[in-house]
Amino acid sequence: MTQIIDGKKISQEIKDELREQVAEQKKLGKEAALAVIQVGTDPASSVYVNNKKKACAYIGIGSLSYELPEETTEEELLALVEKLNGDASVNGILVQLPLPAQINADKVIRAIAPEKDGFHPENVGKLVIGEPGFVSCTPAGIIQLLKRSGIKMEGKHCVIIGRSNIVGKPMALLMLRENATVTIAHSKTQNLPELCKTADILIVAIGKPQFITADYIKEGAVVIDVGIHRDENNKLCGDVRYDEVAPHTSAITPVPGGVGPMTIAMLMHNCVESMLQ
Ligand code: NAP
């Protein structure tokens, strides 16, 4: 029987644990806060930002909201980041992407203090050498999904499709930390279906709607679908053709309700960890 990995339930468990931790810390006079910066009024970004604020409120983390106009300059944004870096009451800084064309997103990410953000090159370096640090939220969430669903990673062959800095690469390093044998595939990889068929755990972050069919799956594999898209009927779907693939797996994440809810839960987790340090 296929196990449907319930990201909604697992992310709720994590948020409830964090809520308890935050309440305990409050008794000791410690408080956590996340600063969320949005530049412009992209409707999708507004939905993400609001969800983050809601999660903060649920857990008991303060949220400082900065809604800057579309024409904000890079200097203005960098000045705000600098101010928040120096504010000891702020544990995490989130700059919602995408940013308008006049702002260099890489420059802004590098400007955020490493102890307040997961994408900073210093944290990526720490991940490579196995030191603790802020980890990119989506891959960290996938590790939690697997652990909390009782799925063993040690010694398993994990194929990751995608090598982006926010998903594929940190995912590979985290799976390595869990003692999986890791292969990373990308757009230049040859014989992708054959390679995927050797995976005990297949993590798909290819960014192409319903790309992965049953031809890519070893019978009984675990499949994690990172993709988020809207299909022709405006329904949410992933990178995996779920109905066709699920019967061949031992466990699979649905879209929606799989990886998606974990990203915010792990952002909250990072923020609480930063407060505890
Ligand atoms: P991305 O930056 O577009 O990376 C896609 C990767 O897939 C690239 O490494 C690319 O290879 C590879 N690729 C593209 N076509 C391929 C092909 N035909 N065969 C093999 N590999 C191929 O995407 P991303 O930011 O990592 O995101 C991936 C997906 O996850 C997107 O759908 C995104 O919306 C979703 N996402 C979801 C969450 C969440 O919270 N659930 C968070 C982040 C992202 P090259 O490097 O060679 O170009």
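One-based numbering, in listed order, for ligands and for the atoms of each.
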Nonpolar side-chain network containing Val240, other nodes, edges under 4.5 Å | Ile4, Val159, Ile161, Leu192, Leu195, Leu202, Val204, Ile206, Phe211, Ile212, Tyr216, Ile217, Val223, Tyr242, Val245, Ile252
Are Glu178 and Lys147 close enough for a salt bridge, meaning some N to O gap below 4.0 Å?
-> yes
Can you find a pair of side-chain heavy atoms, one from Val135 and one from Asn123, that are under 4.5 Å apart?
-> no
Could you tabulate the donor-acceptor pairs under 3.5 Å formed by side-chain atoms of residues 37-46, not counting sequence neighbours?
from  : atom 1 : to    : atom 2 : distance (Å)
Gln38 : NE2    : Gly40 : O      : 3.4
Gln38 : NE2    : Ser46 : OG     : 3.1
Asp42 : OD2    : Ser45 : N      : 3.1
Asp42 : OD2    : Ser45 : OG     : 2.8
Ser46 : OG     : Asp42 : O      : 3.1

Salt bridge (Lys or Arg N to Asp or Glu O under 4.0 Å) partners for Lys8, two or more places apart | none
Neighbouring protein residues of ligand 1 - any heavy atom closer than 4.0 Å = Thr138, Ile161, Gly162, Arg163, Ser164, Ile166, Val167, His186, Ser187, Leu192, Ala205, Ile206, Gly207, Lys208, Phe211, Val226, Gly227, Ile228, His229, Asp239, Val259, Gly260, Thr263
Reference residue Asp200; test side chain to side chain donor-acceptor pair (under 3.5 Å); the match among Lys156, Lys218, His157 = Lys218
